[in-house]
Amino acid sequence: MVYAYNVTQWLLFFYLYSFVGWVWESCYVSVKKGRWVNRGFLNGPFLPIYGFGAVTILISTMSVRDSVLRIFLLGMLGATVLEYVTGACMERMFHVRYWDYSNQKMNLNGHICLTSSLAWGIFSVLLVEVVHPPIEEVILRVQTSAAEIITVVLSVALACDFTQSFHEAIDLKETLMKISESSEQIRRIQKRLEVASAFAEQDYEERQQKFREKLAGKTEFLRNLEEARRLQQQRLRELAQRLSQTVESGKHRAEDLASLQEALLKELQEIGSRTNRKYRHAARQLRRNPGMISEKYEDALREIRRMMRRKK
């Protein structure tokens, strides 16, 4: 009976179903991508969301094992809540989504959708009625001392893997923020240069118009054509000098922009270096989660993917 499981047995179930979930997800995503994908948040062959999902289903359905419909409904509800909470917490913490259902009908904030929930319900029935009974029988036969040793070894390995993967996710977040901030600075200077250029053009047109007006007003007082040409050339020289000063100011702004762009390029090259720890960590997370998205840092995420393709 489920209520008779001890902590060690629950942990063995968790590790086993985490491994099975990793096999399923990795094979499924690898077939879709046409290449092997070590799927999941962790580096090792475990997908904890499936382990937690299986344990949640087993606990939530322990009192309704005689009804397939109740197993379906309670298992679906429990796993769906778990998936939503996990997805929302990870996005809030790392600013990226490790899975996204936004393109699916009847989704909630992209973390869960009707199709996924129904799949969890079907999985619940298969788990409780077909998969779990033989696994339960095997686990219950394992000697207590052997089960405890296996549990301790797997717990230590998973804890180390989680620590490393957590740091990788933080490095990915920091890399996205750094690229995004640099790109925003470039955009601000570009905008200033556009505004300066617009003002320079407007100033030139206004001065031309004033010159034409003054010239028209003074023409009747000019006694010969040479005087008119001399005045026109003088005014044009003044306008050219002022325009040159304005353009020179724009050149300085352009030089500032070019300097900043060069600095950003060097920074991106440094980030993209194979020896850069944060880039390597960010790349690992993206390779294991090719469907990852980020509403806040989507442009930066696209830039990292572009660098990864260039490194191949």
Side-chain angles (χ1 to χ4, degrees), residues 9-61 75-94 96-101 104 110-113 115-128 130-132 135-136 139 150-151 153-170 172-173 281-294:
Q9 290 165 343
W10 276 117
L11 286 173
L12 288 176
F13 289 139
F14 168 75
Y15 294 139
L16 179 60
Y17 290 124
S18 294
F19 174 74
V20 172
W22 173 82
V23 172
W24 160 252
E25 278 275 339
S26 295
C27 292
Y28 176 73
V29 175
S30 297
V31 170
K32 288 182 64 178
K33 295 294 181 180
R35 57 180 174 81
W36 171 250
V37 177
N38 179 17
R39 184 75 171 89
F41 179 78
L42 303 177
N43 289 282
F46 294 99
L47 257 176
I49 185 65
Y50 279 89
F52 283 118
V55 170
T56 299
I57 290 169
L58 292 174
I59 293 175
S60 62
T61 61
M76 178 181 67
L77 178 62
T80 298
V81 171
L82 174 66
E83 186 174 33
Y84 183 87
V85 172
T86 303
C89 289
M90 293 183 73
E91 182 176 18
R92 185 176 182 83
M93 184 177 300
F94 304 120
V96 295
R97 290 186 182 181
Y98 283 80
W99 63 86
D100 180 57
Y101 299 124
Q104 299 289 331
H111 299 306
I112 57 175
C113 66
T115 304
S116 175
S117 295
L118 293 175
W120 278 117
I122 296 172
F123 173 73
S124 299
V125 175
L126 291 175
L127 175 68
V128 174
V130 179
V131 177
H132 188 66
I135 291 178
E136 175 187 48
I139 295 297
I150 295 172
T151 302
V153 172
L154 290 176
S155 297
V156 171
L158 200 66
C160 293
D161 194 346
F162 177 82
T163 301
Q164 180 182 357
S165 300
F166 182 83
H167 285 303
E168 289 178 357
I170 292 296
L172 171 60
K173 175 184 174 182
H281 289 178
R284 286 175 189 169
Q285 286 288 317
L286 284 173
R287 289 191 187 99
R288 292 200 299 270
N289 301 276
M292 181 187 292
I293 68 167
S294 174

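Numbers here are sequence positions counted from 1.
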Short side-chain to backbone donor-acceptor contact, Ser116 and Ile112, under 3.5 Å: no

Student check: side-chain heavy atoms of Leu11 and Leu154 closer than 4.5 Å: no

Phe52 and its ring-ring contact (aromatic ring centres under 6.0 Å, His included) partner, picked from Phe14, Trp10, Phe13: Phe14

Geometric class of the Tyr28/Trp24 ring pair [parallel <30°, tilted 30-60°, perpendicular >60°]: parallel

Heavy-atom pair with the smallest gap, counting every atom of Gln285 and Ser165: NE2-O, 3.5 Å

Spatial distance of atom CG (Leu58) from atom CG (Leu127) [nearest 0.5 Å]: 5.0 Å

Distance in Å, Leu77 CG paired with Thr61 OG1, rounded so as to fall on 0.5 Å steps: 12.0 Å

From CE (Met292) to CG (Asp100), nearest 0.5 Å: 11.5 Å

Sole residue of Met90, Glu83, Glu91 in side chain to side chain contact (heavy atoms under 4.5 Å, CB included) with His111: Glu91

Side chains of Val96 and Lys173 in contact at under 4.5 Å (non-hydrogen atoms): no

Gln104 to Thr115 - nearest heavy-atom pair and separation: OE1-OG1, 4.1 Å

Plane angle bin for Phe162 and Phe41 - parallel if under 30°, tilted between 30 and 60°, otherwise perpendicular: tilted

Taking every non-hydrogen atom, the tightest pair across Ile57 and Ser124: CD1-OG, 3.2 Å

Nearest heavy atoms of Gly21 and Tyr50, plus distance in Å: CA-CG, 3.6 Å

Approximate separation, where rounding is to 0.5 Å, of Trp99 CH2 and Thr86 OG1: 5.5 Å

Check: Asn43 main-chain N/O paired with Asp161 side-chain donor or acceptor under 3.5 Å: yes

Asn38 side chain to Trp22 side chain, donor-acceptor N/O pair below 3.5 angstrom: yes

Gap separating the CG atom of Leu158 from the OG atom of Ser18, nearest 0.5 angstrom: 7.0 Å

Backbone of Gly40 reached by a side-chain donor or acceptor of Asn289 within 3.5 Å: yes

Polar side-chain atom of Ser26 near backbone of Val23 as donor-acceptor pair, under 3.5 Å: no

Ring geometry between Tyr17 and His132 (parallel below 30°, tilted from 30 to 60°, perpendicular above 60°): tilted

Exercise: identify the closest heavy-atom pair between Phe19 and Pro45: CD1-O, 3.3 Å

Side-chain heavy atoms of His167 within contact of Thr163, under 4.5 Å: yes

Taking every non-hydrogen atom, the tightest pair across Val29 and Pro290: CG1-CG, 3.9 Å

Rounded distance (nearest 0.5 Å) linking atom CZ of Arg288 with atom CD of Glu168: 5.0 Å

pair Arg287-Val37: side-chain heavy atoms closer than 4.5 Å: no

Whether Tyr15 and Phe46 hold their rings parallel, tilted or perpendicular, with breakpoints at 30° and 60°: perpendicular

Pair Tyr101-Tyr84, ring-ring contact (aromatic ring centres under 6.0 Å, His included): steps then yes or no: CA-CA 11 Å; Tyr101 299 124; Tyr84 183 87; over 10 Å; no

